[in-house]
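Written below as structure tokens is the structure these notes are about.
FYI, the numbering just counts along the sequence from 1. No experiment lies behind these values; they were computed from the predicted model shown.
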Amino acid sequence: MRKLKVKNNEVAVYAVGGLGEIGKNMYCVQYQDEIVIIDCGIKFPEDELLGVDYIIPDYQFLIENQKKIKALVITHGHEDHIGGIPFFLQKLNVPIWAGPFASELIKGKLKEHNLLRTTELHELQEDTVLKFRKLSVSFFRTTHSIPDTLGIAVHTPQGTVVQTGDFKFDLTPVGDLPSPDFQKMAAIGGKDSLLLMSDSTNAERPTFTKSERFVEQSIKRIFTEIQGRIIFATFASNVYRVREACEAALARGRKIAIFGRSMENAIEAGQKLGYLNIPEESLVDAQELNNLPANKLMILCTGSQGEPMAALSRIANGTHRQISLQPDDTIVFSSNPIPGNTVSVNNLINKLDEAGVTVIHGKVNNIHTSGHGGQEDQKLMLRLIKPKFFMPCHGEYRMQMIHKKLAEQTGVPEDNCFIMKNGDVLALTRDSARISDHFSAGDVYLNDADINDNVSSQILSDRTILASEGVVTAVATINIKKHRITAGPDTISRGFIYMRESNELIHDTNKAAFRSLLNTMKEKAHPTEKDFSSNIIDDLQEFLYQKTERSPMIVPMLIFE
């Protein structure tokens, strides 16, 4: 078991994911033999990670220390905070505490992975207090782009460690939902306020983030101007935005059709908990779409981030089974691209524009506001919590650095601010803080929903070579006993050169492969299959690079008699 290099009276704070990046949030507070984990998220891959579906943290350190884990507490239900839970539970089982909406979303994930019966999942409220032998955990209400968002305060013998989760200060939340609990935040920000870990996502924006009510007014205005069919795309978990779109559609006499599994799940959870109130008679299924006038229908769907398999992408590509674009359609993108998705979103918008439909997107239309606070929100949080030490989190390095400077402006000494990396360990007492240790906290790449089906760095390297350089296959038959090449070698190219126009190169490559096989038989009296394969790979890679300055993957297909 890997033990941390901290003194017995020090509180250890570290991240398994979420530092220097957007996503994969997973933070830990440890005192002696007790660990409280905050969030368990995933990160979505960027385009260069070919064939990767999800990125999760390396859980190995927590697996080795699982007997110390008292609880996994959840700030809110976004994928970058709960998406890793099924993978985490495949490695170790711990009690989970989450707010009502996050609990419903987690239950759906656990059912999908056949983990619901074996998981201890508790629903908490903002006044819930979890008490363990040495640590306790309390919660405070914040606002974000999803219901039931909570900040978390872990109370330790050395003081209180606060994790804000994702937040902004929305003083006029839609639907008469509760506003942030300033009083509780200020109460936490007393003499025991030890460390603040705070959301850095919008540290580059020198403003307060606009209220969701601002978007609600824009959606109502836009909907009054649209005469044809509306296709409304947003994050499935943004129940507030879904509610605004549905209310605006119903006010115009439109029926609502829902597409996308995550959208269906989120709406089911929102209806169950009272965040949504869509009358049953206002919902229509795929079979009824063509029976309604265009001005009496809104299609609510996933795909605002350009995901290739989401409903909107399939509609744009003409591969959706139930929905085909019509000339008078209006597509509303009510979201901004998350980091890594900008190209995909722009390509999708271009494709929709080419199809001749109207596309509404971007800041100019005021149809989206962030769920993350800007600099003014961040400074207000710092003033309320009044921490002795500060650690910016959930943001790329430049965002963390800006947030650190904001903390200094609000009175936190520069020496008390720490830019950390995943795996760094901050050791704290009431009067001191130091980076005392580091453990491995890299990325794990997954192909699908099984944590054991992960993608190694070698596989990713191979995929990159295949995508950029192509592959050359060398086929030959060899009689090892007689030291004879009985057939071939013949080389086949895919993604490297166009063979019909490269006869000379193919001929020379065949000769190079022939020489490689002969040399192997000359060098060793009893060459093995591995000897032939490794030599032909090395020789052809060198030969082809000299000829073309490219390095395709070499795949020997050798038959031994």
Side-chain angles (χ1 to χ4, degrees), residues 44-55 58 308-309 317 340 343-344 347 442-561:
F44 292 105
E46 297 190 8
D47 291 342
E48 66 268 17
L49 294 176
L50 301 167
V52 175
D53 295 319
Y54 311 108
I55 307 172
D58 183 348
M309 296 308 295
N317 292 327
V343 173
S344 299
N347 288 340
D443 291 340
V444 175
Y445 304 113
L446 300 182
N447 268 330
D448 54 26
D450 185 353
I451 193 172
N452 297 310
D453 187 13
N454 55 58
V455 184
S456 69
S457 57
Q458 181 60 54
I459 292 174
L460 281 176
S461 176
D462 289 347
R463 289 177 180 176
T464 302
I465 293 171
L466 286 168
S468 61
E469 303 287 345
V471 60
V472 171
T473 304
V475 183
T477 303
I478 303 165
N479 189 317
I480 295 182
K481 292 181 180 179
K482 295 182 179 181
H483 275 49
R484 287 176 55 192
I485 302 171
T486 57
D490 296 307
T491 51
I492 303 167
S493 167
R494 290 291 183 270
F496 172 57
I497 55 172
Y498 186 48
M499 295 183 66
R500 289 184 180 178
E501 297 178 356
S502 307
N503 290 332
E504 184 178 348
L505 179 58
I506 291 296
H507 177 72
D508 291 344
T509 305
N510 290 341
K511 289 171 64 176
F514 188 82
R515 287 194 300 269
S516 177
L517 297 176
L518 284 181
N519 290 337
T520 301
M521 290 186 281
K522 289 177 182 178
E523 290 168 2
K524 291 190 175 184
H526 302 287
T528 64
E529 295 180 12
K530 184 179 179 181
D531 292 331
F532 284 106
S533 295
S534 60
N535 286 348
I536 202 169
I537 289 171
D538 293 342
D539 292 340
L540 289 188
Q541 281 182 336
E542 182 179 354
F543 171 79
L544 290 172
Y545 186 79
Q546 289 176 351
K547 291 288 186 179
T548 66
E549 294 190 355
R550 292 175 60 193
S551 300
M553 179 175 288
I554 308 299
V555 179
M557 294 185 63
L558 305 179
I559 302 166
F560 297 94
E561 296 178 337

Check: Asn510 main-chain N/O paired with Asp490 side-chain donor or acceptor under 3.5 Å: no
Nearest-0.5 Å distance, OG1 of residue Thr509 to NZ of residue Lys547: 8.5 Å
All side-chain hydrogen bond (donor to acceptor under 3.5 Å, both in side chains) counterparts of Ser516, not counting sequence neighbours: Asp539
Which residues share a side-chain contact (heavy atoms from CB on, under 4.5 Å) with Ile554, sequence neighbours left out: Val472, Ile537, Leu540, Gln541, Leu544, Pro552
Exercise: identify the closest heavy-atom pair between Ser533 and Pro556: O-CG, 3.8 Å
Point-to-point distance, once rounded to the nearest 0.5 Å, from CD1 of Ile536 to OG1 of Thr491: 9.0 Å
